[in-house]
Every structure is written in C-alpha cells, then in structure tokens.
Amino acid sequence: MKLVLATRNKHKLQEIREIFRLPGLELVSALDFPELEDVVEDGATFEANAVKKAVSLTQATGFWSLADDSGLEVDALNGAPGVYSARYAGEPVDYAANNRKLLRELEGAATRRARFRCVIALADPSGPIRTVEGRCEGTIIDELRGRQGFGYDPLFVPEGYTQTFAEMDGPLKNSMSHRGRALAAAEKTWGEILRMGL
Ligand code: ITT
C-alpha cells in the first residue's frame with residue numbers, strides 16, 4: 001500500500017521514515033514525482049498549509065497522501081516565525097540566516113520561551129481530510145550548539161533537557177519532538193485505516 005509524503009524537505013523525510021513505520025505501508029514522497037509543481041504555502045495556519053499540501057498531492061497522484069507543516073513559535077516575537085519559519089530570512093531557504101535573524105530579534109528579550117509545532121494532514125483520494133498536531137515546548141538559547149538535525153535545532157533546548165535538538169541523536173529528538181508526537185498521534189488515530197483501508 002502506497003502513501004505519498006507531501007514534502008521535498010529531505011530532513012523531514014528522514015525523520016518521518018524513522019518514526020512512522022507501519023507494516024505493509026510503502027512510503028514514497030513528492031521527490032518521486034519531480035514533474036509536480038511546488039504547492040504555494042499561503043495558508044495562515046500550519047493546519048491550512050498541511051491540508052493544502054496533502055490534498056494537492058493526492059489530487060495529482062491518486063494516492064493517499066500525508067503532509068507535515070511545521071515551524072517555531074517564539075513568545076517574545078508574538079508567535080513568529082510561525083508559518084514563515086522556512087523563509088524567515090527570505091528566499092531561498094537558508095537555515096543559517098534564519099538562525100542569525102532569530103538571535104538578532106531576541107536580543108534583550110524578556111523571555112526566550114518557544115515551541116515547535118507540527119500539523120500532519122492525511123488526505124484520502126475519495127475526499128475526507130484528517131489532521132493531528134504535536135508540540136514541543138522549550139527555550140531559544142543565545143548561541144548555536146550541535147550539528148545534527150536541521151533548521152532551528154541548534155538553538156532549541158526542549159523543556160526538561162540541557163542539550164539542543166542538534167546535540168541529540170535522531171531517536172532522542174524523535175522521542176519528544178513535535179514531529180514525533182504528531183506522528184504518534186497519527187498512528188494512534190489512523191493506524192487502523194492505514195493498515196486496512198488504503
Ligand atoms: P515542505 O513544505 O516541502 O514540507 P518546508 O521546509 O518548506 O518543506 P514547512 O513549510 O513546514 O516545510 O517549514 C518548516 C520549517 O520549520 C523548516 O524549514 C524549519 O525552518 C522549521 N522546522 C520544522 N521542523 C523543524 C525541526 O524538527 N527542527 C528544526 N526546525 C524545524
């Protein structure tokens with residue numbers, strides 16, 4: 001049974017493949033359909049963007065599709081970068097520039113509290129769309145630490161830990177991350193459908 005992951009982000013794909021292992025489910029991705037155009041992510045919420053990406057890929061391929069829309073919300077910045085996390089410092093996507101901008105914006109901030117959010121949408125070629133969400137609370141530190149992961153990982157220390165996500169190995173990050181939690185909810189909520197119904 002084939003499920004198309006509606007992302008071209010190789011880091012996300014790696015994490016999703018590590019976390020989401022259901023017997024009998026063959027995971028392919030948007031990278032396997034190079035002829036398809038990128039979806040314009042113009043939704044105001046993670047949910048709207050996740051649904052748009054999943055529906056668009058299902059309509060184009062005829063397969064069930066699973067999309068991840070995610071990002072970082074920083075309290076002192078009123079929730080920014082939020083849905084603009086990937087392109088916070090402009091186009092093209094540049095993680096190092098995003099991290100530099102975040103550190104600049106947070107100079108002198110009274111709180112460095114933040115959270116990662118991940119909305120997963122599952123689209124069914126016959127119509128219904130479902131979504132689940134995972135969150136991970138934490139703090140933005142004031143220097144980059146660690147080389148693993150991607151995006152804002154070198155600046156994010158999850159609650160209850162002293163290491164950044166970029167200092168953790170994949171299984172440890174996945175055990176508490178927004179993506180790990182969203183995919184655990186996806187498996188709990190849709191496992192039966194995905195095992196039986198595709
Ligand atoms: P797709 O739309 O193709 O899935 P994308 O990278 O554009 O890829 P998003 O629009 O969901 O995906 O943006 C996600 C951004 O949020 C990502 O580029 C990072 O900057 C940040 N982000 C999300 N999850 C993260 C994680 O686990 N660690 C660090 N940064 C993360």
Side-chain angles (χ1 to χ4, degrees), residues 4-20 27-34 36-57 60 65-74 77 79-103 114-121 123 131 133-141 144-158 161 163-183:
V4 190
L5 303 175
T7 174
R8 290 195 164 92
N9 180 320
K10 292 187 179 156
H11 302 280
K12 279 190 189 177
L13 281 172
Q14 189 188 338
E15 291 188 2
I16 295 170
R17 287 182 196 282
E18 281 167 11
I19 301 166
F20 204 62
L27 298 181
V28 296
S29 82
L31 293 174
D32 298 305
F33 298 89
L36 299 182
E37 283 186 16
D38 268 343
V39 174
V40 180
E41 294 182 39
D42 52 6
T45 61
F46 295 116
E47 186 172 18
N49 284 330
V51 167
K52 189 172 181 188
K53 288 191 269 192
V55 169
S56 148
L57 204 62
S65 169
L66 185 140
D68 162 320
D69 201 69
S70 46
L72 182 70
E73 285 182 349
V74 180
L77 304 176
V83 290
Y84 304 107
S85 291
R87 290 158 189 81
Y88 188 40
E91 299 268 9
V93 173
D94 181 340
Y95 294 144
N98 288 343
N99 283 325
R100 282 196 300 273
K101 178 169 178 184
L102 182 58
L103 287 177
R115 72 206 49 78
F116 272 121
R117 291 178 56 195
C118 173
V119 172
I120 298 282
T131 60
E133 179 173 341
R135 294 181 183 219
C136 181
E137 297 285 335
T139 304
I140 304 300
I141 55 169
L144 299 160
R145 279 193 351 224
R147 298 189 151 270
Q148 309 202 59
F150 69 103
Y152 300 95
D153 282 348
L155 289 177
F156 185 82
V157 173
Y161 288 80
Q163 301 143 281
T164 64
F165 269 170
E167 292 175 311
M168 296 181 176
D169 61 20
L172 181 60
K173 176 185 171 185
N174 294 340
S175 72
M176 73 193 80
S177 77
H178 49 310
R179 185 162 298 104
R181 288 179 173 152
L183 288 167

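Numbering of ligands and ligand atoms starts at 1, following listing order.
When all heavy atoms of Glu167 and Gly146 are compared, the pair lying nearest together is CG-CA, 3.6 Å. Minimum interatomic distance between Ile16 and Arg179 (heavy atoms only, all atoms of both residues): CG1-CD, 4.0 Å.
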(request) For the pair Tyr95 and Tyr152, evaluate side chain to side chain contact (heavy atoms under 4.5 Å, CB included) and give the outcome as yes or no after the intermediate values. (result) CA-CA 7 Å; Tyr95 294 144; Tyr152 300 95; over 6 Å; no
(message) Would Gln148 and Asp153 count as a side-chain hydrogen bond (donor to acceptor under 3.5 Å, both in side chains) here? Give the steps.
(response) CA-CA 8 Å; Gln148 309 202 59; Asp153 282 348; over 6 Å; no
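Within a 6.0 Å sphere centred on CD of Glu73, heavy atoms belonging to other residues, nucleotides or ligands number more than 12.
Taking 4.5 Å as the limit, every side-chain heavy atom of Asp68 sits out of range of all side-chain heavy atoms of Glu15.
Around ligand 1, the residues contributing at least one heavy atom under 4.0 Å from the ligand are Thr7, Arg8, Asn9, Lys12, Glu41, Lys53, Asp68, Asp69, Ser70, Gly71, Ser85, Ala86, Arg87, Tyr95, Phe116, Phe150, Gly151, Tyr152, Asp153, Lys173, His178, Arg179.
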